[in-house]
Visitor: 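The structure follows.
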Amino acid sequence: MSRLAQTEGLTDIQREILSTVRDFVDKEILPVATELEHRDEYPTAIVEGLKELGVFGLMIPEEYGGLGESLLTYALCVEEIARGWMSVSGIINTHFIVAYMLKQHGTEEQKEYFLPKMALGEIRGAFSMSEPGLGSDVSAITSKAVPDGDEYVLNGQKMWLTNGGTATLVAVLCRTGEAQEGVAPHKAMTTFLVEKEPGFGEVRPGLTIPGKIEKMGYKGVETTELIMDGLRIPADRVLGGTPNRGFYQMMDGVEVGRVNVAARGCGVARRAFELGVAYAQQRHTFGKPIAQHQAIQFKLAEMGTKVEAAHAMMVNAARKKDSGARNDLEAGMAKYLASEYCKEVVEDAFRIHGGYGFSKEYEIERLYREAPMLLIGEGTAEIQKMIIGRRLLEEYRTQD
């Protein structure tokens, strides 16, 4: 058990869940992660194992067949899974966000229909906001949904859809109203629950999932586009049953998703530290292990401190959300710090490995390609700073 990244105040059940997940990571993920990543192969056996452990239903209420656990428990499990292979935590994250949005905003019929199957992993979720020309400006989406009787007709192109091929349920954000003077654009957006077949090509009439987007890292999990051309969706598949609430629903999901990305950053950073501190004790130069050189000890000290600080902020953000309080400030800070520190810890571990860090035979090479994705996912560092800055001004506003 690592001394770093420990969490005080956990219940016996939380400790048991974490221990089970940690054992699974050590036995079933770490031994095969790098090989599967180099082949860009979907981790089917790993996903099936996580389904058996109940991870897909971790936060789904017990009344719908889940474990009914907290965001903190979930985030700590994600940290462990990302320590093994970040791509696996991405598979879980998109599913989790859709389940969370259903739990918080879905109609009772939608909850009863989707959540029990999602808890078992029989239905797997993905969510879609981004578009090719959109970037971070979600309010500028152009995908449209037009009512037609008791259905909506959806048209548009989406981008960066994690789990686009394997997911069977996608929460898709579309514009459902024209821009009006004096009306904020985000007040005319709706989230649709789109069911589809797994795979690529036309996965239901009017809906196409092209092939995988080739990426530098974050392999194994597929990232795709989503193209809607006359896609017809029943009105009862509007999330929550009422249109024009989609932006707020998506932002609620992304907020908890930011805690998840922070947890992923913590897990990858911890693994990089483990690899760096182990290699530093094995590699000898000038007649002694490089860990005995002061320059390396300074690196290890900085790396360990960053791992600990990022973990503490992630735990604080999760606990804030679990308390029912607003946590956009804490989630933004945690996501920003954890992703930046992850990049720095991974790079320092890479430097400790020297030339061997550039070799695909060493695990740190994979982490070095994976860490940059965390700087972008669920909002860039610049977006997090905007959120943090605005919230701090709200909290510390001076009197005129």
Side-chain angles (χ1 to χ4, degrees), residues 21-51 55 78-95 124 126 160-167 198-200 209-225 260-261 263-280 282-283 303 339 342-377:
V21 172
R22 188 178 300 116
D23 288 345
F24 181 86
V25 168
D26 289 340
K27 294 175 183 177
E28 306 296 336
I29 298 182
L30 279 172
V32 300
T34 296
E35 180 183 353
L36 291 176
E37 197 272 349
H38 286 166
R39 295 204 303 258
D40 198 6
E41 181 177 325
Y42 187 82
T44 302
I46 292 172
V47 170
E48 291 300 315
L50 291 173
K51 283 166 62 175
V55 171
V78 166
E79 181 181 22
E80 293 294 340
I81 292 169
R83 172 181 159 267
W85 186 11
M86 193 185 73
S87 292
V88 178
S89 63
I91 294 169
I92 303 294
N93 180 42
T94 54
H95 176 88
R124 301 252 286 285
W160 307 120
L161 180 62
T162 301
N163 280 340
T166 51
F200 300 98
I209 304 292
K212 297 189 295 184
I213 297 170
E214 295 296 328
K215 299 166 293 187
M216 174 178 72
Y218 198 40
K219 295 177 181 289
V221 55
E222 75 275 3
T223 304
T224 75
E225 297 174 73
N260 176 288
V261 173
R264 284 198 257 178
C266 292
V268 174
R270 180 146 57 96
R271 182 59 181 167
F273 175 83
E274 292 171 358
L275 295 172
V277 75
Y279 186 82
Q282 297 163 7
R283 175 71 167 170
M303 292 162 68
S339 58
C342 175
K343 176 202 69 171
E344 294 170 11
V345 172
V346 168
E347 182 170 340
D348 279 341
F350 176 85
R351 289 173 183 269
I352 287 172
H353 280 73
Y356 289 105
F358 211 61
S359 168
K360 286 192 173 184
E361 294 181 16
Y362 283 77
E363 188 180 341
I364 191 62
E365 179 269 344
R366 168 170 64 83
L367 271 58
Y368 194 76
R369 288 184 290 103
E370 289 178 338
M373 199 286 293
L374 297 171
L375 301 173
I376 301 167

Visitor: Which atom pair, heavy atoms only, marks the closest approach of Tyr218 to Gly90?
Guide: OH-CA, 3.2 Å
Visitor: Determine the minimum heavy-atom distance between Thr162 and Ala126, stating which atoms define it.
Guide: O-CB, 3.4 Å
Visitor: Check Arg283 against Tyr356 and note the closest heavy-atom contact, atom names and distance.
Guide: NH1-CE1, 3.9 Å
Visitor: Can you tell me how far CG of Leu275 sits from CG of Leu367, rounded to the nearest 0.5 angstrom?
Guide: 6.5 Å
Visitor: Hey, does Glu214 have a side-chain heavy atom less than 4.5 Å from the side chain of Asp40?
Guide: yes
Visitor: What distance separates Cys342 SG from Glu370 CD, expressed to the nearest 0.5 Å?
Guide: 9.0 Å
Visitor: State whether a side-chain donor-acceptor pair under 3.5 Å links Thr166 with Glu222.
Guide: yes
Visitor: Restricting to non-hydrogen atoms, name the atom on Gly357 and the atom on Ile364 that form the minimum distance, rounded to 0.1 Å.
Guide: CA-CG2, 3.7 Å
Visitor: Donor-acceptor check, side chain of Ser89 to backbone of Ile81, threshold 3.5 angstrom: yes or no?
Guide: no
Visitor: Does the pair Arg83/Glu79 count as a salt bridge with the N-to-O cut at 4.0 Å?
Guide: no
Visitor: Does the side chain of Thr223 come within less than 4.5 Å of Lys215's, by heavy atoms?
Guide: yes
Visitor: Side chains of Phe24 and Val55: closer than 4.5 Å at any heavy-atom pair?
Guide: no
Visitor: A side-chain contact here means heavy atoms from C-beta on lying under 4.5 Å apart; do Ile46 and Val32 qualify?
Guide: yes
Visitor: Relative to each other, are the rings of Phe350 and Tyr368 parallel, tilted or perpendicular (30° and 60° limits)?
Guide: parallel
Visitor: Looking at Glu347 and Lys343, is there a salt bridge between them, counting it only when a charged N and a carboxylate O are closer than 4.0 Å?
Guide: no
Visitor: Please determine if Arg22 and Glu80 form a salt bridge, counting it only when a charged side-chain N lies under 4.0 Å from a carboxylate O.
Guide: yes
Visitor: Can you tell me how far the OG atom of Ser359 sits from the CD atom of Glu365, to the nearest 0.5 Å?
Guide: 7.5 Å
Visitor: Please check if atom CZ in Phe200 has more than 12 non-hydrogen atoms from other residues, nucleotides or ligands closer than 6.0 Å.
Guide: yes
Visitor: For residues Arg271 and Leu30, determine if any side-chain heavy atom of one lies less than 4.5 Å from a side-chain heavy atom of the other.
Guide: yes
Visitor: Evaluate whether atom NZ of Lys27 has more than 12 neighbouring non-hydrogen atoms of other residues, nucleotides or ligands under 6.0 angstrom away.
Guide: no
Visitor: Given side chain to side chain donor-acceptor pair (under 3.5 Å), test Glu363 with His353 step by step and report yes or no.
Guide: CA-CA 10 Å; Glu363 188 180 341; His353 280 73; over 6 Å; no
Visitor: Any side-chain heavy atom of Leu161 sitting closer than 4.5 Å to one from Ile209?
Guide: yes
Visitor: So do the side chains of Trp160 and Ile376 get within less than 4.5 Å of each other, counting heavy atoms only?
Guide: no
